[in-house]
Amino acid sequence: MSWMNDRPSWLPPIPPPHRGRAFMVVGLVLVVGTFIYIFYMSYVGGTHTLYTLLPLAAGLVCLTVGLTRRNEGR
């Protein structure tokens, strides 16, 4: 290993490259899945309760957390 491979001690640590991506993926899956469920239930004439909004709210929270963690290092 060469001395060129070591990071100088005065440089700050490098943040992980995909910060917040897992939260964004989970949030998108929850939001899109909830909308598909709502549209499908409306199409077939079924009813859905206010509990349907819980995964939607959780998905929006995950998206918000993922986006703020992504922009945190800038």
Side-chain angles (χ1 to χ4, degrees):
M1 185 156 100
S2 173
W3 64 273
M4 298 281 293
N5 293 338
D6 295 334
R7 284 185 52 81
S9 60
W10 50 269
L11 280 175
I14 298 174
H18 304 297
R19 179 186 296 167
R21 181 176 286 182
F23 279 114
M24 288 188 289
V25 169
V26 169
L28 277 175
V29 166
L30 284 171
V31 169
V32 170
T34 303
F35 274 111
I36 288 173
Y37 174 76
I38 289 172
F39 290 145
Y40 176 75
M41 290 301 284
S42 299
Y43 178 74
V44 292
T47 60
H48 43 269
T49 64
L50 287 177
Y51 289 122
T52 307
L53 298 178
L54 290 177
L56 182 65
L60 290 175
V61 167
C62 285
L63 274 173
T64 304
V65 168
L67 287 172
T68 55
R69 287 189 68 189
R70 182 178 182 185
N71 294 330
E72 196 173 84
R74 294 180 187 174

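Here the structure is a predicted model, which is why all the values come from computation and not from measurement.
Hydrophobic cluster membership differs between Val61 and Leu50, with clusters built from Ile, Leu, Val, Met, Phe, Trp and Tyr side chains linked at under 4.5 angstrom. Cluster membership check: Phe35 does not share its hydrophobic cluster with Tyr51, using side-chain heavy-atom separations under 4.5 Å among Ile, Leu, Val, Met, Phe, Trp and Tyr. Both Leu53 and Val31 belong to a single network of hydrophobic side chains, linked directly or stepwise wherever heavy atoms of I, L, V, M, F, W or Y lie under 4.5 Å apart. Both Met41 and Tyr43 belong to a common hydrophobic cluster when Ile, Leu, Val, Met, Phe, Trp and Tyr are linked at side-chain heavy-atom distances under 4.5 angstrom.
For Ser42 against His48, the heavy-atom pair with the smallest separation is OG-CE1, 3.9 Å.
Remark: of the listed residues Leu30, Leu28, Val29, Leu30 is the sole one forming a side-chain contact (heavy atoms from CB on, under 4.5 Å) with Val26.
Of the inter-residue distances, the one linking Tyr37 atom OH with Leu56 atom CG reads 13.0 Å to the nearest 0.5 angstrom. Considering OG1 of Thr49 and CG of Leu54, their distance stands at 8.0 Å, rounded to 0.5 Å.
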